[in-house]
Protein chains: 2
Amino acid sequence: MRRMGRTPPHPEVSQFDLQQVLEALVDPVRRSIVTQLDDAAEDLACGTFDIPVSKSTATHHFKVLREAGLIRQYYVGTSRMNALRRADMDKAFPGLLDALTTPQAKGAR
Amino acid sequence: MRRMGRTPPHPEVSQFDLQQVLEALVDPVRRSIVTQLDDAAEDLACGTFDIPVSKSTATHHFKVLREAGLIRQYYVGTSRMNALRRADMDKAFPGLLDALTTPQAKGAR
DNA sequence: ATCAAAGTTTGACAGCCATCGTACTTCTGC
DNA sequence: GCAGAAGTACGATGGCTGTCAAACTTTGAT
């Protein structure tokens with residue numbers, strides 16, 4: 001039995017790629033995850049998000065967000081916690097997350 | 001012979017849709033068009049852009065950008081001119097275009 | 001009138017990606 | 001130990017979309 005990756009790989013800020021970040025943010029489900037994290041201002045377990053997809057699809061979305069550098073993931077018991085890497089994103093692409101977490105942007109559909 | 005649409009339809013600012021704008025901006029070719037327009041600070045004809053696609057594909061990209069509200073198009077002779085709708089975009093989604101026209105964002109790949 | 005320049009339109013095609021179900025793993029509590 | 005909870009991994013699939021070539025349209029110049 002191989003061990004499950006206990007701590008999945010996270011990119012450094014210097015490795016952030018704009019194309020990859022935009023591809024992550026263009027999906028409505030993933031953008032919803034980001035805004036829910038932003039609203040909560042607190043780390044959230046995968047299962048606590050309000051998203052209209054199956055668990056396996058959710059796992060996929062969290063992976064895309066993590067690999068783009070948008071969230072940091074760590075285990076607490078069987079729960080996988082998710083933290084928004086806002087400071088890191090701001091360093092790499094200033095203003096981008098701000099523009100998408102504006103009430104205006106959130107309200108827009 | 002039906003007339004070619006002399007002035008193609010442009011959405012109003014109130015109709016801008018964040019999802020549509022992001023889908024427009026996620027394509028590298030289209031984002032390149034936007035940054036070239038931003039750099040030029042001047043309207044440019046379709047043919048003057050430096051993009052690695054065929055003419056018909058270019059037409060497609062310009063259409064996507066126009067329908068999202070990112071550019072305004074108008075004819076001058078046989079040339080179709082393109083103008084960045086920065087003010088309109090700033091009104092609808094403040095900070096978004098700024099974040100993508102930063103030297104940091106442009107340099108990133 | 002003709003011709004070339006600049007785009008558009010249409011149809012076809014290929015690759016990607018969001019989605020799901022199922023089987024599996026890991027941890028907690030009893 | 002065992003059951004359940006919380007996710008993950010793995011195919012498989014369906015739809016979307018970026019791409020092109022070819023034929024066409026409109027305009028400007030000769």
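Residue numbers begin at 1 in each chain, while the letters A, B, ... track the order of the sequences.
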Nucleotide C:dA6, atom P - distance to CG of B:Leu44 in whole Å: 15 Å
Side-chain heavy atoms of B:Cys46 within contact of B:Gln73, under 4.5 Å: yes
Do you reckon A:Phe93 sits in the same ILVMFWY cluster as B:Leu96, going by side-chain contacts under 4.5 Å, direct or chained? yes
If you measure from CG on A:Leu100 to OG1 on A:Thr35, what distance do you get to the nearest 0.5 Å? 9.5 Å
Using a heavy-atom cut-off of under 4.0 Å over every strand shown, decide if B:Thr59 touches base, sugar-phosphate, or nothing. base
Atom-to-atom span, OH of A:Tyr75 to P of D:dA5 - whole angstrom: 18 Å
Between A:Gln19 (side chain only) and B:Asp27 (backbone N and O only), is there a donor and an acceptor less than 3.5 Å apart? no
Rounded to whole Å, how long is the line connecting atom CE of B:Met81 with atom P of C:dA6? 13 Å
Take the protein atom CG of B:Leu25 and the nucleotide atom P of D:dG18, then report the distance between them rounded to whole Å. 12 Å
Integer-rounded Å distance: C:dG7 P and B:Leu65 CG: 15 Å
A:Leu37, A:Met81: one ILVMFWY side-chain cluster at the under-4.5 Å cut-off? no
Between B:Lys63 (NZ) and D:dT19 (C1'), how many Å, whole number? 15 Å
Between D:dG7, D:dA5, D:dG28, which one does the side chain of A:Thr78 approach most closely? D:dA5
Under 4.0 angstrom, heavy atoms only, what part of the nucleic acid is B:Ala58 near: base, sugar-phosphate, or nothing? nothing
Check whether any side-chain heavy atom of B:Arg30 lies under 4.5 Å from a side-chain heavy atom of B:Glu23, and answer yes or no. no
Protein-nucleotide distance (B:Phe62, atom CZ; C:dA6, atom P), rounded to Å: 14 Å
Per-nucleotide protein contact string for nucleotides 18-24 of chain C (B base, S sugar-phosphate only, - none; heavy atom under 4.0 Å): SBBB---
